[in-house]
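The first residue in the sequence is number 1, and the count goes up from there.
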Amino acid sequence: MSSGAASTYPRLLGDIGGTNARFALIRSEGGPIEDIRTLPGANYAGPAEAIEAYLAEVGGDRPTSGAIGIANPIDGDRIKMTNHTWAFSIDAVRQQLGFTRLVFINDFTALALSLPFLPDNELHQVGGGKREENRAIAVLGPGTGLGVSGLVPSAEGYLPLEGEGGHVTMVGTNAEETAVIAKARETFPHVSAERLISGPGLVTLHESLATVRGLPSPGLDAPAITNGALDGSNALALDSVNMFCGMLGTIAGNLALTLGAKGGVFIGGGIIPRLGDFFDRSPFRSRFEDKGRFRPYLETVPVFVIHSAYPAFTGAAVALERALAQH
C-alpha cells in the first residue's frame with residue numbers, strides 16, 4: 001500500500017457516509033494512517049468544502065492525491081448521494097481542491113479492499129469453521145444504509161465487487177416478519193433490505209412491529225431501541241433487534257451462497273459491532289444457515305464482525321495505490 005513515488009505524498013483518505021465524513025492522511029511513503037477527523041456532513045455544502053475544512057484543521061503539507069470511500073454507487077463522474085444531500089462531479093471536486101488524482105469508490109468496496117490487511121485481533125468470529133484460501137469473500141453491514149460488497153480471487157490478487165446489494169428485496173421467513181414487511185410497504189413501495197436493516201431501518205422495523213402487535217407508536221430512535229434491547233428494559237425493542245439480526249442473517253446467507261464465500265463473510269458498519277455478545281446470541285447465525293439443502297454448505301462458512309476503528313481508510317489507501325500505479 002505504500003510503494004508509490006514520494007512525490008505523491010501526503011495522500012488524502014476519506015470515508016463519507018450518510019451522516020459523517022471522515023478523513024485521514026498518509027504523510028510519507030510507508031507512513032501510518034494519521035490525523036483522523038470526523039466531520040458532520042450536514043455542516044458542509046459538499047465534499048470539497050468538508051475536505052478543505054479538514055486540511056485547514058490538520059495543517060502540514062497539502063496533499064495532491066486522494067481516495068474517498070462513499071456510501072453511494074459510483075457510475076461515472078456524477079455522484080448524487082442516496083442517503084445525503086450532496087450531489088457533485090468528481091472531476092470538479094478534484095479541480096476545486098487542486099489535486100492531480102482523486103478517486104471515489106463505494107464505501108463497502110473500500111471496506112472489502114481492507115479485509116486482507118485486518119489483524120485477527122480486530123475480528124470476532126460468529127460460528128462456522130476456518131476460512132478457505134483463494135476463495136470469494138463477502139462483506140456487508142448496516143449503518144445509515146446497508147452496504148454490501150465482496151472480493152473475488154484473481155491472478156493479480158483479490159478484486160473488489162462494486163454492487164448495490166443492500167437494495168435487494170427483503171422477504172420474510174415467518175408470518176410476523178411478513179406482516180412487518182407488509183406494513184413497511186405502506187410507506188416504501190419497494191421494501192429493500194436496507195429499508196429494515198440499517199439505522200433508519202431499525203426504526204421502521206420497530207414501528208412496524210408495534211403496529212402489527214397492536215401497540216402504540218414507540219417513537220424511539222435507533223440508539224434508544226438498541227439500548228432497550230441490550231439492557232433488557234424494553235421487550236418490543238428486544239424483539240425488534242432480534243428480528244433485525246435475523247433478517248441480516250437471511251441477507252448474509254444469500255450473499256454467501258451467491259458469491260460462494262468460503263473465504264468468509266465479514267460484517268462491518270456502525271451497528272453490529274456495538275451489539276457485542278448480544279449478536280452472538282441473536283437469531284443471526286441460525287438464519288444465516290437456514291437455507292434448506294444448503295445448510296451443510298453454510299455451516300462451514302465463518303462470519304466475522306469487524307472491530308477495526310477505521311478499516312475503510314485502509315481500503316481507500318489500497319485503491320489509491322492501485323490508481324496511481326496505473327498512471
Kindly say whether [Y] contributes a backbone atom to a donor-acceptor pair with the side chain of [X] at under 3.5 angstrom?
X    : Y    : value
R131 : G263 : yes
E289 : S286 : no
S208 : T204 : yes
R27  : G60  : no
S192 : T169 : no

Indicate, with yes or no, if [Y] and [X] share a hydrophobic cluster defined by side-chain heavy-atom contacts under 4.5 Å among Ile, Leu, Val, Met, Phe, Trp and Tyr.
X    : Y    : answer
F313 : Y54  : no
I74  : F88  : yes
L123 : I271 : no
L248 : V191 : yes

Side-chain donor-acceptor contact under 3.5 Å, [X] with [Y]:
X    : Y    : result
T19  : T144 : yes
E162 : S149 : no
N72  : K80  : no
K262 : T300 : yes
S89  : D91  : no

Fill in: Sidechain N-carboxylate O distance under 4.0 Å for R285, D280
no
Worksheet entry | Carboxylate-amine/guanidinium proximity below 4.0 Å for E176 and R213 | yes
Item to complete: Assign the ring pair F288 / F284 to parallel, tilted or perpendicular, where the plane angle (0 to 90°) is split at 30° and 60°.
Response: parallel
Worksheet item: Angle class for the H307/H124 ring planes (parallel below 30°, perpendicular above 60°, tilted otherwise)?
Response: perpendicular
Discussion item. Atom CG of residue position D231 - does it have more than 12 heavy atoms of other residues, nucleotides or ligands inside 6.0 Å?
Written reply: yes
Fill in: Within 6.0 Å of CG in D61, more than 12 heavy atoms from elsewhere
no
According to ring pair (Phe, Tyr, Trp, His ring centres under 6.0 Å), who are the partners of [X], at least two apart in sequence or on a separate chain?
X    : result
Y44  : none
F304 : F266
F99  : none
F294 : Y297

Item to complete: Could you tell me which residues satisfy side-chain contact (heavy atoms from CB on, under 4.5 Å) with D290, sequence neighbours excluded, listed by chain and number?
Response: R295
Discussion item. Between I251 and L140, is there a side-chain heavy-atom distance shorter than 4.5 Å?
Written reply: yes
Worksheet item: For R287, which residues count as a salt bridge (charged side-chain N to carboxylate O under 4.0 Å, His left out) partner, sequence neighbours excluded?
Response: E177
